[in-house]
Amino acid sequence: MTESTQTPLYGERSIAAGELICFDNPRPGRPYDIEIELPEFTCKCPFSGYPDFAVLRLRYQPGPRVLELKALKLYVNRWRDVAISHEEVVNRMLDDVVAACDPGWMELVADFNPRGNVHTVISVHHGEPR
């Protein structure tokens with residue numbers, strides 16, 4: 001029988017240390033859209049503790065900064081063990097991403113997998129598209 005390691009695995013360490021990182025918008029004078037799909041989002045139901053699964057769709061028109069994709073992936077994975085409602089997690093994520101990159105316009109849609117014959121889609125917005 002082998003002894004299991006007590007230190008977090010490298011992926012767990014990367015997720016724990018992850019933060020939203022941005023880089024300068026290469027075309028700040030031109031409005032353009034960025035669409036990102038994150039198909040493996042998970043968090044926990046705050047009432048049952050069961051996992052909730054969703055596809056996240058992030059669309060935005062960048063302002064001065066653009067989100068770095070690996071950092072966004074790690075940020076999204078940090079929610080996997082958090083007990084939080086669908087409504088709160090989507091609103092909090094939008095707040096965090098807006099604070100990081102200051103977009104001209106942003107929409108976050110979370111399409112949660114049905115559970116108990118209930119299908120939930122939460123959409124939150126920031127700003128107005130140009």
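Here the straight-line distance linking atom NE2 of His125 with atom CD of Glu107 works out to 3.5 Å at 0.5 Å rounding. Note that NZ of Lys73 and CZ of Arg78 are 14.0 Å apart. Values are rounded to the nearest 0.5 Å. The CD1 atom of Ile21 sits 11.5 Å away from the CG atom of Leu69 when rounded to the nearest 0.5 Å. Interatomic distance, CD of Glu88 versus CG of Asp95, reported as 8.0 Å (0.5 Å rounding).
You'll find the side chain of Leu108 stays beyond 4.5 Å of the side chain of Ile122, heavy atoms only. Using a 4.5 Å cut-off on side-chain heavy atoms (C-beta onward), Asp52 and His86 make contact. Counting heavy atoms from C-beta outward, Cys101 and Cys22 have side chains that approach closer than 4.5 Å. In this structure the side chain of Phe53 never reaches within 4.5 angstrom of the side chain of Glu40, judged on heavy atoms. Considering only heavy atoms from C-beta on, Val66 comes within 4.5 Å of Pro26 through its side chain. No side-chain heavy atom of Ile34 sits less than 4.5 Å from a side-chain heavy atom of Gln61. Two residues are said to be in side-chain contact when any heavy atoms from C-beta on lie closer than 4.5 Å; Trp79 and Lys44 fail this criterion. For the pair Leu94 and Val90, the minimum side-chain heavy-atom distance is 4.5 Å or more.
The two residues Cys45 and Ala83 have their closest heavy-atom pair at O-CB, 4.3 Å. For the residue pair Arg115 and Pro51, the shortest heavy atom distance occurs at NE-O, 3.9 Å. The two residues Pro28 and Arg130 have their closest heavy-atom pair at O-NH2, 4.5 Å. Across every non-hydrogen atom of Pro46 and Ile84, the tightest pair is CD-O, 3.4 Å.
Hydrophobic cluster membership differs between Val55 and Tyr75, with clusters built from Ile, Leu, Val, Met, Phe, Trp and Tyr side chains linked at under 4.5 angstrom. Trp105 and Val98 fall into different hydrophobic clusters, where Ile, Leu, Val, Met, Phe, Trp and Tyr are joined by side-chain heavy atoms under 4.5 Å apart, directly or via other members. Put simply, Met93 and Ile36 are part of the same group of oily side chains (I, L, V, M, F, W, Y) that touch within less than 4.5 Å, one to the next. Residues Val89 and Val109 are members of separate hydrophobic clusters, defined by side-chain heavy-atom contacts under 4.5 angstrom among Ile, Leu, Val, Met, Phe, Trp and Tyr. In terms of hydrophobic clustering, with Ile, Leu, Val, Met, Phe, Trp and Tyr side chains grouped at heavy-atom distances under 4.5 Å, Leu74 and Val82 are assigned to different clusters.
Ring pair Phe41/Phe112 is perpendicular by interplanar angle, where above 60° counts as perpendicular and below 30° as parallel.
Between the side chains of Tyr60 and Asp33, no donor-acceptor pair of N or O atoms lies under 3.5 Å.
When the side chain to side chain donor-acceptor pair (under 3.5 Å) test is applied to Asn25, the partners found at least two apart in sequence or on another chain are Tyr32. Listed by chain and residue number, His119 satisfy the side chain to side chain donor-acceptor pair (under 3.5 Å) test with Asp111 (two or more places apart in sequence, or in another chain).
When atom types are taken as modelled, the side chain of Arg80 and the backbone of Thr42 share no donor-acceptor pair closer than 3.5 angstrom. With hydrogens and angles disregarded, a donor-acceptor distance shorter than 3.5 Å links the side chain of Glu12 to the backbone of Leu9. Panel note: side chain Glu37, backbone Pro39; no donor-acceptor pair is recorded below 3.5 Å.
The residues Asp24 and Arg65 are annotated as not salt-bridged, no charged nitrogen and carboxylate oxygen being separated by less than 4.0 angstrom.
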